[in-house]
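FYI, side chains are in, hydrogens and waters are out, and symmetry mates aren't considered; it's all heavy atoms of this structure. Read the numbers this way: they start at 1 and go in the same order the structure lists the ligands and their atoms. Bear in mind that the values here come from a model prediction, so they are computed numbers and not experimental data.
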Amino acid sequence: MPTTHAPEDAYTAEPFVPADAGLAALREAAAGCRGCPLHRDATQTVFGAGDTTARVMLVGEQPGDQEDRQGRPFVGPAGKLLDRALAEAGIDPGEAYVTNAVKHFKFTRAEPRKRRIHKAPTLREMTACGPWLAAELALVEPELIVVLGATAGKALLGSSFRVTEVRGTVLEHEIHGRPERLVPTVHPSSVLRAEDREGAYRGLVSDLGVAARALA
Ligand code: URA
Ligand code: SF4
């Protein structure tokens with residue numbers, strides 16, 4: 001018999017997200033999320049880190065290889081660069097809540113047992129994982145969201161988001177019924193890949209400076 005829905009239309013974390021849960025309970029529930037197929041090949045769920053009193057929330061794309069192994073966001077090369085840029089811009093990385101639009105590492109391997117290569121999540125996977133980000137936002141209620149790159153931007157502001165058009169500006173946008181202030185910038189991984197790495201890094205620090213002043 002033909003089915004009316006492709007099974008992937010049902011991808012969502014929704015049934016796994018406990019209502020009225022605190023951060024610890026959310027994190028524990030997220031560890032068992034099966035809302036989309038990304039949990040199958042990844043090592044573990046990488047939930048947000050930081051505490052609920054944080055004034056600023058940083059949102060990345062998805063965990064990378066190191067994050068997948070260690071279970072914490074932004075602990076690999078991109079995270080090290082981000083911490084340095086935040087400190088330079090005047091934001092204490094230790095006082096931020098740090099998370100990702102998608103909570104499982106998506107990757108391919110060129111050959112079996114070879115290095116795992118990051119693969120961008122699809123819109124469907126971002127949408128599936130959205131309820132976790134929504135729950136984190138509702139709990140932390142940050143004064144400002146720093147949007148790190150296109151995936152985070154699309155997850156929070158919709159698919160027409162273009163980082164080059166809005167980076168380094170303070171946006172106001174209603175998200176899940178709450179007015180939010182957001183400062184978009186490039187993803188720290190893009191700085192590591194840039195031809196003019198120093199220039200790209202200065203651009204990131206400059207955008208984060210806008211966020212620092214918006215928090216002052
Ligand atoms: N890139 C991301 O977007 N998030 C991480 O946690 C690490 C690298
Ligand atoms: Fe759940 Fe998100 Fe992981 Fe998919 S990526 S299984 S929705 S936590």
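Shown in contact with Lys103 at under 4.0 Å from a heavy atom are these atoms of ligand 2, numbered in order with element: 8 (S). Near Pro73, with a cut-off below 4.0 Å to any heavy atom, the atoms of ligand 1 are 6 (O). Every atom of ligand 2 is numbered from 1 in the order shown, and the set under 4.0 Å from a heavy atom of Gly35 is 1 (Fe), 6 (S). Near Val102, meaning under 4.0 Å from one of its heavy atoms, ligand 2 places the atoms 5 (S). Atoms of ligand 1 lying under 4.0 Å from at least one heavy atom of Gly60, given by number and element, are 3 (O).
Salt bridge annotation for Lys154-Glu61: absent, with no cationic side-chain nitrogen under 4.0 angstrom from a carboxylate oxygen.
Using a 4.5 Å cut-off on side-chain heavy atoms (C-beta onward), Val166 and Val147 make no contact.
Among the candidates His176, Glu174, Glu180, the single residue satisfying the side-chain hydrogen bond (donor to acceptor under 3.5 Å, both in side chains) test with Arg178 is Glu180. Each of Gln62, Lys106, Arg116 was checked for a side-chain hydrogen bond (donor to acceptor under 3.5 Å, both in side chains) with Asp68, and the lone residue meeting it is Arg116.
For atom 2 (C) of ligand 1, the nearest protein heavy atom (residue, atom name, distance) is Gln62 O, 3.0 Å. Nearest protein neighbour of atom 4 (N) of ligand 1, counting heavy atoms only, is Asn100 OD1, 2.7 Å. Closest protein heavy atom to atom 4 (Fe) of ligand 2: Cys36 SG, 2.4 Å. Atom 3 (Fe) of ligand 2 has its closest protein heavy atom at His104 ND1, 2.1 Å. Remark: minimum distance from atom 1 (Fe) of ligand 2 to any protein heavy atom is reached at Cys33 SG, 2.3 Å. With hydrogens left out, the protein atom closest to atom 7 (S) of ligand 2 is Cys129 CA, 3.7 Å, a heavy atom.
Side-chain atoms of Thr185 never come within 3.5 Å of backbone atoms of Asp207 as a donor-acceptor pair (strictly under, hydrogens ignored).
Contacts of Trp132 with ligand 2, taken as heavy-atom pairs under 4.0 Å, involve the side chain alone.
Residue His187 holds the heavy atom nearest to atom 1 (N) of ligand 1 of all those in Glu61, His187, Lys103.
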